[in-house]
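Owing to the predicted nature of the structure, the values given are computational and were not obtained by experimental measurement.
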Amino acid sequence: MSQDISHAVQTLLDARRTGRQATPPFALKDRAAVYAIQDGVAAASGPVAGWKVGARTPTAEPNPAPLLAGALVPSPARFDGKAMHMIGVEVEISFHIVRDIAARAAPVEREEALAAVGDAFVGMEIVDTRLADFKSAAPEWLLADNQMNHALVVGDPIANWKALDWPKLQVRLVVDGKVIVEQTGGLGAIDPLRPLAWMIDHAVRHRGGLRAGQAITTGSWTGLLYFPAGSHARGAFVGLGAVEASF
């Protein structure tokens, strides 16, 4: 690990430990540096609980980030909203991994990738940041900070997920009894199985492999929305299940 990468890792770890946001200490030149920082933070935090991945369009390169140890929280979840720098909420389709795939150089084709997946579930990503003035931070630093992940709330399992017509799913986000989002579709990637398969291949070829018990969440259907401490959020895919969190 280079001196710069080591410094960046320690900066983010200190921000997590103290609760004090940090200013990015230098510019990140490429994805290799971003992933090295992610891996360094993860190595110091315990076994990776899973991955978050998102793509803005059906053909865009996905952005991956680890879910650190302890990030998976069952619904209904409760967080200390007053201790968070911001409370971001995203309603997502997530998946549990049920089969190990050891690290290797050979690609993981889609069929093998999906064979490692067990159930799907309604997920709610909770977003916070370790970076000061995050709105002005370079995208590479947001990704190095695990794309601002705080936790992934594990909601209801989704039956027969392989047969779903993804673009026609109806998603709803209700906060404090008020409907904030109610729409059909909304995922930038359209089909969550594409970033899911991409993430599995990436984890196996570049991030040390995939383990049963990990989770992969595949991007927001509702956008990233912010709420104050004291809020209660409920996300649902109509007819499929729901997930809840209080702050």
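- Taking the six-membered ring wherever Trp is involved, the centroid distance between the rings of H150 and F79 falls below 6.0 Å.
- The nearest pair of heavy atoms linking A245 to M124 is CB-SD, 3.8 Å.
- Between atom CG of residue L187 and atom CG of residue L169 there is a gap of 9.5 Å, rounded to the nearest 0.5 Å.
- In this structure Y35 satisfies the ring-ring contact (aromatic ring centres under 6.0 Å, His included) test together with H202, sequence neighbours excluded.
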*asked:* Set out, in order, the CA-CA distance, both residues' side-chain angles and the distance that settles side chain to side chain donor-acceptor pair (under 3.5 Å) for E125 and N149, then state yes or no.
replied: CA-CA 7 Å; E125 185 179 3; N149 177 261; 2.9 Å; yes
_Pair V181-V91, side chain to side chain contact (heavy atoms under 4.5 Å, CB included): steps then yes or no_ = CA-CA 10 Å; V181 177; V91 182; over 6 Å; no
*Decide side chain to side chain contact (heavy atoms under 4.5 Å, CB included) for M86 and F134; before the verdict, give the C-alpha distance in whole Å, the side-chain angles of both, and the deciding distance to 0.1 Å.*
CA-CA 11 Å; M86 63 184 187; F134 77 96; 3.5 Å; yes
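- Using a distance-only test at 3.5 Å, with no hydrogens or angles considered, a donor-acceptor pair links the side chain of W141 to the main chain of F26.
- Taking 4.5 Å as the limit, some side-chain heavy atom of L173 sits within range of a side-chain heavy atom of V175.
- Minimum heavy-atom separation, T218 to P195: O-CG, 4.2 Å.
- Closest approach of L68 and A49 over heavy atoms only: O-CB, 3.4 Å.
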*asked:* Walk me through whether I87 and Y226 qualify under side chain to side chain contact (heavy atoms under 4.5 Å, CB included).
replied: CA-CA 5 Å; I87 300 169; Y226 302 99; over 6 Å; no
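- Between the side chain of N146 and the backbone N or O of M148, no donor-acceptor pair lies under 3.5 Å.
- Looking only at distances, a side-chain donor or acceptor of R130 sits under 3.5 Å from a matching main-chain atom of D145.
- We find the CD1-NE2 distance between I37 and H7 to be 10.0 Å, quoted to the nearest 0.5 Å.
- Taking P167 as the reference, D165, I190 meet the side chain to side chain contact (heavy atoms under 4.5 Å, CB included) condition, with sequence neighbours excluded.
- Counting only residues at least two apart or on different chains, no salt bridge (charged side-chain N to carboxylate O under 4.0 Å, His left out) pair has a member in residues 214-231.
- Q183 and R172 share no side-chain donor-acceptor pair at under 3.5 Å.
- Counting heavy atoms from C-beta on, the side chains of K82 and D80 come closer than 4.5 Å.
- Remark: the backbone N or O of G54 is not paired with any side-chain donor or acceptor of N63 at under 3.5 angstrom.
- Here V238 sits alone; no ILVMFWY side chain lies under 4.5 Å from its own, so it joins no hydrophobic cluster.
- Counting only distance, with no hydrogens or angles, the side chain of Q214 and the backbone of R211 share a donor-acceptor pair below 3.5 Å.
- Without hydrogens or angle criteria, D191 side chain to L193 main chain gives a donor-acceptor distance under 3.5 Å.
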Could you give the side-chain donor-acceptor pairs of residues 93-108 under 3.5 Å, partners two or more places apart or in another chain?
unit_1: S94; atom_1: OG; unit_2: T217; atom_2: OG1; d: 2.7
unit_1: H96; atom_1: ND1; unit_2: D119; atom_2: OD1; d: 2.9
unit_1: H96; atom_1: ND1; unit_2: D119; atom_2: OD2; d: 3.4
unit_1: D100; atom_1: OD1; unit_2: A212; atom_2: N; d: 2.7
unit_1: R104; atom_1: NE; unit_2: A106; atom_2: O; d: 3.0
unit_1: R104; atom_1: NH1; unit_2: E112; atom_2: OE2; d: 3.0
unit_1: R104; atom_1: NH2; unit_2: P107; atom_2: O; d: 2.9
unit_1: R104; atom_1: NH2; unit_2: E112; atom_2: OE1; d: 2.8

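- You'll find the side chain of L164 stays beyond 4.5 Å of the side chain of N160, heavy atoms only.
- At a threshold of 4.5 Å between non-hydrogen side-chain atoms, the residues R207 and P64 count as touching.
- Annotation: side chain to side chain contact (heavy atoms under 4.5 Å, CB included) contacts of R194 (sequence neighbours excluded): A55, P62.
- Residues D156 and L240 are not in side-chain contact: their nearest non-hydrogen atoms beyond the backbone lie 4.5 Å or more apart.
- Counting only distance, with no hydrogens or angles, the side chain of S6 and the backbone of S2 share no donor-acceptor pair below 3.5 Å.
- Nearest heavy-atom pair, A113 versus I200, reported as atom, atom and distance to 0.1 Å: O-CD1, 3.4 Å.
- Proximity of a side-chain donor or acceptor of D128 to a complementary backbone N or O of M84 within less than 3.5 Å is not detected.
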*Could you go step by step and tell me if V89 and F247 meet the side chain to side chain contact (heavy atoms under 4.5 Å, CB included) rule?*
CA-CA 11 Å; V89 172; F247 305 93; 4.0 Å; yes
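- Across all non-hydrogen atoms, the minimal contact from A69 to S45 is CB-O, 3.4 Å.
- Using a 4.5 Å cut-off on side-chain heavy atoms (C-beta onward), I180 and V174 make no contact.
- Within 6.0 Å of the CG atom in D30, the count of heavy atoms belonging to other residues, nucleotides or ligands exceeds 12.
- For S136, the side-chain hydrogen bond (donor to acceptor under 3.5 Å, both in side chains) partners two or more places apart in sequence, or in a different chain, are D133.
- Residues passing the side chain to side chain contact (heavy atoms under 4.5 Å, CB included) test with E244, sequence neighbours excluded: S75, P76, H232, R234.
- A heavy-atom distance below 4.5 Å is not found between the side chains of V243 and E92.
- Separation of atoms CD (Q21) and OG1 (T11) is listed at 13.5 Å; rounding is to 0.5 Å.
- For E90, there are no side-chain hydrogen bond (donor to acceptor under 3.5 Å, both in side chains) partners two or more places apart in sequence or in a different chain.
- To the nearest 0.5 Å, atoms NZ (K52) and OG (S220) are separated by 9.0 Å.
- For the pair D39 and V9, the minimum side-chain heavy-atom distance is 4.5 Å or more.
- Judged purely by atom type and a 3.5 angstrom limit, Q38 uses its side chain to pair as donor or acceptor with the backbone of L143.
- Considering only residues two or more places apart in sequence or on other chains, F237 meets the ring-ring contact (aromatic ring centres under 6.0 Å, His included) condition with W221.
- Closest heavy-atom contact between A151 and V73: CB-CG2, 4.3 Å.
- For the atom pair CD of E61 and CZ of R56, the computed distance is 12.5 Å after rounding to the nearest 0.5 Å.
- In this structure T184 satisfies the side chain to side chain contact (heavy atoms under 4.5 Å, CB included) test together with Q170, sequence neighbours excluded.
- Not a single donor-acceptor pair under 3.5 Å links the side chain of S231 to the backbone N or O of F227.
- Clustering of Ile, Leu, Val, Met, Phe, Trp and Tyr by side-chain heavy atoms under 4.5 Å joins V154 with L67, L72, F121, L152.
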